[in-house]
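Heads up: the structure comes next, in structure tokens.
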2 protein chains.
Amino acid sequence: MSAQADIIATESPKRRQILDAAGQLFLKDGYAAVSMDALARLAGVSKATLYAYFPGKDALFGAMVAERCAGMLAQDRLISDHDAPLAEAMRRLIDFWLRFLISPDVVSTYRTVLAEGARFPDLARAFFEAGPVMGLGWVGEWIAEEQRRGRLRPDFDPRVAAPQFIALLRGELYIKIALGLVAEPSEEAVAAEVDAATDTLLRAFAV
Amino acid sequence: MSAQADIIATESPKRRQILDAAGQLFLKDGYAAVSMDALARLAGVSKATLYAYFPGKDALFGAMVAERCAGMLAQDRLISDHDAPLAEAMRRLIDFWLRFLISPDVVSTYRTVLAEGARFPDLARAFFEAGPVMGLGWVGEWIAEEQRRGRLRPDFDPRVAAPQFIALLRGELYIKIALGLVAEPSEEAVAAEVDAATDTLLRAFAV
DNA sequence: GTCTATATTTAGATAGAC
DNA sequence: GTCTATCTAAATATAGAC
């Protein structure tokens, strides 16, 4: 991971352009469907320059995804809101995570890693650690804190409940968005999903 | 859909071989990474024969996925078990759906459709109708029946709860499998996931 | 209907000038 | 470091013999 960080830290304008182009194209069309020509064109550099920065297509794809993973790790704007009433605090937590999960960048990254995970196992692992594991840890901490405050039932393991919190968000709306059937969901649809999930979680986990 | 059914119904040995090969390769490697040469080789036919049955790669891919969708529709071994005690009946329902969702074929199909959904929108729509919509309908009926029997709370809409039932199964285990980090989960892991989901659902929805 | 052999395009990757 | 021009391999698709 430190090696990846080093790679990411090594910045230069051309490198930035290339990685941005890679993000746009790979996340939209998938790995195999994107040509190095198209990447060079969108990045505004020649193919030779592209190969000067990255040994090949694999490495460029890997660097792009690694950067997205690091970006997720940096998303530490953790909802650690415990002052509002439980229902409201939980609603905010759910709202934050649903909007995060359905944001175009996150959906695209998830879709791409899922599609190429079999051929890039290291990448799938890195994504898993930087995304789900990290997010579930945060939610688990939030739950544990609420248990300590006596607002959530004490008789369950936060590490079991956290995945359920997040999983509940992957309902019909999420699948539609992931499949590309819905480009941008209406505010009402998102709010309805948040409300439904919050209600169910409160009934299942509140004291 | 009737047109698709006709296409699928038109059977012949070579056609079967080709579709089987397409299933194996496309679901494993994705659309773009599979060559018509590889397909012809695995199917045991020449490339010309392949093009005699399908106008091109797109059509072959579409036919393969359409067939999988039809297969999901045929999976009507619906759990309509309401005689056992509620906890046990629900456990069986959850168990059936989790094992279905993490079965290799279903995971591969989901992954592939997700990856290519942007470039094959009709396909994504067909998958959505044949898979999620159909499954959620069945679960919704099960819930409604339990409400009528007075074993589940009457104060929620089955169409809202059904996606939550299924969503709860998409926890950490599911993501690991989808990403290819776990090939075959242990029986204990599956059972633990089923138990956890059942407990939560009972607390949230049982009277 | 099915095959072998091939046409044509495009992919990833590089050589050499500046 | 960066570009233009090019190499080589592999892709989709097809022609023509049987």
Side-chain angles (χ1 to χ4, degrees), chain A residues 6-67 112 115-116 118-123, chain B residues 6-66 112 115-116 118-120 122-123:
Chain A
D6 288 347
I7 292 173
I8 293 167
T10 308
E11 274 288 274
S12 87
K14 298 271 181 194
R15 191 187 162 85
R16 245 293 39 88
Q17 293 168 30
I18 294 171
L19 277 173
D20 287 344
Q24 282 185 53
L25 291 186
F26 282 137
L27 293 183
K28 179 163 67 72
D29 296 334
Y31 178 75
V34 173
S35 73
M36 295 297 261
D37 280 282
L39 283 165
R41 207 177 315 128
L42 182 61
V45 302
S46 75
K47 253 198 309 186
T49 300
L50 203 157
Y51 278 96
Y53 281 92
F54 300 93
K57 194 179 176 183
D58 294 22
L60 175 51
F61 179 73
M64 183 274 291
V65 175
E67 197 189 36
T112 305
E116 306 299 335
R119 267 147 301 162
F120 295 87
D122 295 350
L123 215 139
Chain B
D6 288 348
I7 293 174
I8 293 168
T10 308
E11 274 289 271
S12 89
K14 298 270 182 197
R15 190 187 164 86
R16 241 299 34 89
Q17 293 168 30
I18 294 171
L19 277 173
D20 286 345
Q24 282 184 52
L25 292 186
F26 282 137
L27 293 184
K28 179 163 68 70
D29 296 333
Y31 178 75
V34 173
S35 72
M36 296 297 261
D37 279 283
L39 282 165
R41 207 176 314 127
L42 182 62
V45 301
S46 75
K47 257 201 302 189
T49 301
L50 205 157
Y51 278 97
Y53 281 92
F54 299 94
K57 197 180 174 182
D58 293 22
L60 175 51
F61 180 74
M64 184 273 291
V65 175
T112 305
E116 306 299 336
R119 267 149 300 161
F120 296 86
D122 295 352
L123 216 139

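Residue numbering restarts at 1 for every chain, and letters A, B, ... go by the order of the sequence lines.
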Side chains of [X] and [Y]: closer than 4.5 Å at any heavy-atom pair?
{"X": "B/Arg119", "Y": "B/Asp58", "value": "no"}
{"X": "A/Val34", "Y": "A/Phe61", "value": "no"}
{"X": "A/Tyr53", "Y": "A/Leu60", "value": "no"}
{"X": "B/Met36", "Y": "B/Phe54", "value": "no"}
{"X": "A/Met64", "Y": "A/Tyr31", "value": "no"}
{"X": "A/Glu116", "Y": "A/Leu123", "value": "no"}

Side-chain ion pair, A/Arg41 and A/Asp37, N-O less than 4.0 Å: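 A salt bridge is absent here (no side-chain N lies under 4.0 Å from a carboxylate O).
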
Between [X] and [N], is there a contact of a side-chain N or O with OP1 or OP2 at under 4.0 Å?
{"X": "A/Thr49", "N": "D/dC3", "value": "yes"}
{"X": "A/Tyr51", "N": "C/dT14", "value": "no"}
{"X": "A/Tyr53", "N": "D/dG1", "value": "no"}

Nearest-nucleotide 5' precedence on DNA chain C, A/Ala48 against A/Ala32: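 Nearest-nucleotide comparison on DNA chain C picks A/Ala32.
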
Taking every non-hydrogen atom, the tightest pair across A/Ala43 and A/Ile18: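 Here A/Ala43 and A/Ile18 meet closest at CB-CA, 3.9 Å.
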
Heavy-atom closest contact (A/Val45 atom, A/Leu50 atom, distance):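 Heavy atoms only, the tightest pair is CG2-N, 4.4 Å.
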
Counting side-chain heavy atoms from C-beta on, which of [options] comes nearest to [X]?
{"X": "B/Ser35", "options": "D/dA11, C/dA11, D/dT14", "answer": "D/dA11"}
{"X": "A/Val45", "options": "D/dC3, C/dT2, C/dT14", "answer": "D/dC3"}
{"X": "B/Ser46", "options": "D/dT4, C/dT4, D/dA13", "answer": "C/dT4"}

Whole-Å distance between [N] [atom2] and [X] [atom1]?
{"X": "B/Gln17", "N": "C/dT2", "atom1": "CD", "atom2": "C1'", "value": "12 Å"}
{"X": "B/Leu50", "N": "C/dG1", "atom1": "CG", "atom2": "P", "value": "15 Å"}
{"X": "B/Asp29", "N": "D/dA11", "atom1": "CG", "atom2": "P", "value": "12 Å"}
{"X": "B/Lys47", "N": "C/dA5", "atom1": "NZ", "atom2": "P", "value": "13 Å"}

Any residue of residues 36-43 of chain B with a heavy atom less than 4.0 Å from an atom of DNA chain D: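 Listed by number, they are B/Met36, B/Asp37.
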
The helix from C/dG1-D/dC18 to C/dC18-D/dG1: angle between end helix axes, five pairs per end, rounded to 10 degrees: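 Comparing the first five pairs with the last five, the axes sit 10° apart.
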
Sugar-phosphate only, base, or nothing, as touched by A/Ala52 at under 4.0 Å among non-hydrogen atoms: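 If one applies the 4.0 Å heavy-atom cut-off, A/Ala52 turns out to touch nothing in the nucleic acid.
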
Sugar-phosphate only, base, or nothing, as touched by A/Lys14 at under 4.0 Å among non-hydrogen atoms: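 The residue A/Lys14 makes sugar-phosphate contact but no base contact.
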
